[in-house]
Number of protein chains: 2
Amino acid sequence: MARPPTPLLNRERIRKAALELLDVHGPSGFSMRQLAAALRVSAPSLYSHYATKDEVLDDVVDAVIADVDTSGFRHGWRQGVLTWARSYRDALLAHPGVAPLVASGTQHRERFLAMADRVHGGLVGAGWPSRRATEISGAVKFLVIGAVCTPFASGFSDDPSVYDGRFPNLSQAHRLRAQAARIDRDAFELGLVALVDGLAASPDAPP
Amino acid sequence: MARPPTPLLNRERIRKAALELLDVHGPSGFSMRQLAAALRVSAPSLYSHYATKDEVLDDVVDAVIADVDTSGFRHGWRQGVLTWARSYRDALLAHPGVAPLVASGTQHRERFLAMADRVHGGLVGAGWPSRRATEISGAVKFLVIGAVCTPFASGFSDDPSVYDGRFPNLSQAHRLRAQAARIDRDAFELGLVALVDGLAASPDAPP
DNA sequence: ACCTGAACACCGTTCAAGT
DNA sequence: ACCTGAACACCGTTCAAGT
């Protein structure tokens, strides 16, 4: 079936199937051949719509980032940063397979730049020096990316005998795994609020 | 040359060559076949010493983590956290290819647990409730991993025309790239100090 | 025990060929 | 323009064979 009357594929269909494949099988289970199979098409067909695998993944990241909320700066820089960071984390947490792609990408995409632009504008508009605004954006992004790339609590074993004796301070660590999602969120929230509080207390902080 | 009198390989030689290969070619350029070639050996030979590629990478991570300094808790929890976070970042920044491996790994390795144990012990010993200590460890780790996985400033383009008009707040963004390393460090330092300051100001903070 | 070449089931991507 | 099968240069890993 070559050149069917109505095209079998378009970028949107490919992007949606790619996101689904990432969600279900994770980044390591994602391949152009698997993606093509999910779309009931041969692998080279994808190259009529995307030049490379990375371009497909770039588009997926872009779509996920679209949900990030930068409107909070209307209510001051603190609220702006809190809303941005939380919605950024939420968006990536909804698609864990996408997080590593955000971390490693060079992110020249429109939506990334638009997001960075609004955040920087919000901070400078509130009175932060441009230089400080850049650093604050960076620090918050680090926290979000870290929180989303490396689930902290789930990194521990759920077998208590792993810790017994050898790591006395982690003797309760096996309980971490059971509540991993909550602990990861609490750790993120603690870090985010402490960071914003610390910034508010700094000498050059705007009111 | 089968079964030579003196073995050609051992885990240490493999691990060192693997780290070098990662440093030079990055994670995407790392393969068991390339590693074997660097050691002037056939690829299957590696499987006499490591069961899988992941096991090799695990060992490399473990060796890099060995440099992390958790001794600062002798001088109080603030100094402990600052020293830990900075040396953790330094260790990973010295081997950028290793950072994504730390982020994605489940990290059951001895040295990870030993590090987590000392940090948790240091925080609890200083007077933080165990629960809070876990969250603080997590938040700091998020910041470090984020800082090391996703170079912030270098994610921007060095072509000014990319920003002109469309992203007014980023009009100076092309200057970021030139000083990317310094800006990334400043953003990390700002975030780290603000986080520790914010923690120190919290209601349940020990003296 | 430790190394080898051959082989299996995968990759991303290119290309000539079809409509 | 859009899709196909065949092919190229790669993967990680297994396995029988050698010493």
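Computed over heavy atoms, backbone and side chain alike; hydrogens, waters and symmetry mates excluded. Order of the sequence lines fixes the chain letters, A, B, ..., with proteins taken first and strands second; residue numbering starts at 1 for each chain.
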*Which nucleotide in C:dT4, C:dG12, D:dG5 has an atom nearest any side-chain atom of B:S42*: C:dT4
*With sequence neighbours left out, what residues match B:R182 under salt bridge (charged side-chain N to carboxylate O under 4.0 Å, His left out)?*
B:D186
*Is the phosphate of D:dC11, meaning OP1 or OP2, less than 4.0 Å from a side-chain N or O of B:Q34?*
yes
*Separation of atom CD1 in A:I14 from atom C1' in D:dC3, rounded to whole Å*: 12 Å
*Donor-acceptor pair, A:D158 side chain versus A:R177 backbone, under 3.5 Å?*
no
_Note, A:F167 side chain near B:R118 side chain (heavy atom, < 4.5 Å)_ = no
*Salt bridge between B:R131 and B:E135, side-chain N to carboxylate O under 4.0 Å?*
yes
*Any A:F30 side-chain heavy atom under 4.5 Å of A:L57 side chain*: yes
*Which pairs, with at least one residue in residues 61-80 of chain A and sequence neighbours excluded, count as a salt bridge (charged side-chain N to carboxylate O under 4.0 Å, His left out)?*
A:D62-A:R109, A:D62-A:R111, A:R78-A:D197
*asked:* How many whole angstroms separate atom CG of A:L35 from atom P of C:dC11?
replied: 11 Å
_Spacing of A:F30 atom CZ relative to C:dC10 atom P, expressed in whole Å_ = 17 Å
*Can you tell me the distance, in whole Å, between the CG atom of B:L39 and the P atom of C:dC2?*
15 Å
*Taking OP1 and OP2 of D:dA1, is either one under 4.0 Å from a side-chain nitrogen or oxygen of A:H49?*
no
*Stepwise side chain to side chain contact (heavy atoms under 4.5 Å, CB included) check, A:Y50 with A:R15*: CA-CA 10 Å; A:Y50 285 97; A:R15 175 168 43 74; 4.1 Å; yes
*Between B:S45 and C:dC2, is there a side-chain N or O to OP1/OP2 distance below 4.0 Å?*
no
*Nucleotide C:dA1, atom P - distance to CG of B:N10 in whole Å*: 17 Å
*asked:* Considering every strand and a 4.0 Å limit on heavy-atom distances, what is the contact class for B:S48: base, sugar-phosphate, or nothing?
replied: base
*Inter-residue atom distance B:I183.CD1 - A:S137.OG, 0.5 Å rounding*: 11.0 Å
_Counting only side-chain heavy atoms from C-beta out, which of C:dC11, C:dC3, D:dG5 sits nearest to B:L9?_
C:dC3
Show each protein N/O and nucleotides 13-15 of chain D N/O combination with a separation under 3.5 Å, one pair to a line.
| unit_1 | atom_1 | unit_2 | atom_2 | d |
| --- | --- | --- | --- | --- |
| D:dT13 | OP2 | B:Y47 | OH | 2.7 |
| D:dT13 | OP2 | B:K53 | N | 2.8 |
| D:dT13 | O5' | B:Y47 | OH | 3.4 |

*Could you note down all residue pairs passing salt bridge (charged side-chain N to carboxylate O under 4.0 Å, His left out) where residues 80-100 of chain B supplies at least one of them, sequence neighbours left out?*
B:R86-B:E189
*asked:* Rounded to whole Å, how long is the line connecting atom CG of A:L46 with atom C1' of D:dC2?
replied: 12 Å
*asked:* For a 4.5 angstrom cut-off between non-hydrogen side-chain atoms, does B:W77 reach B:V196?
replied: yes
*Starting from P on D:dA1, measure out to CZ on A:R11 and report it in whole angstrom.*
16 Å
*Check: A:F188 and A:V144 side chains under 4.5 Å, non-hydrogen atoms*: yes
_Between the side chains of A:K16 and A:E20, is the shortest nitrogen-to-carboxylate-oxygen separation below 4.0 Å, so that they form an ion pair?_
no
*Please list residues of residues 16-28 of chain A whose heavy atoms come under 4.0 Å from any atom in DNA chain C, ordered by number; otherwise none.*
none
*State the dot-bracket string of DNA chain D. Criteria: Watson-Crick or G-U wobble, both atom distances under 3.5 angstrom; notation: ( ) intrastrand, [ ] crossing earlier pairs, | interstrand, . unpaired.*
||.|||||...|||||.||
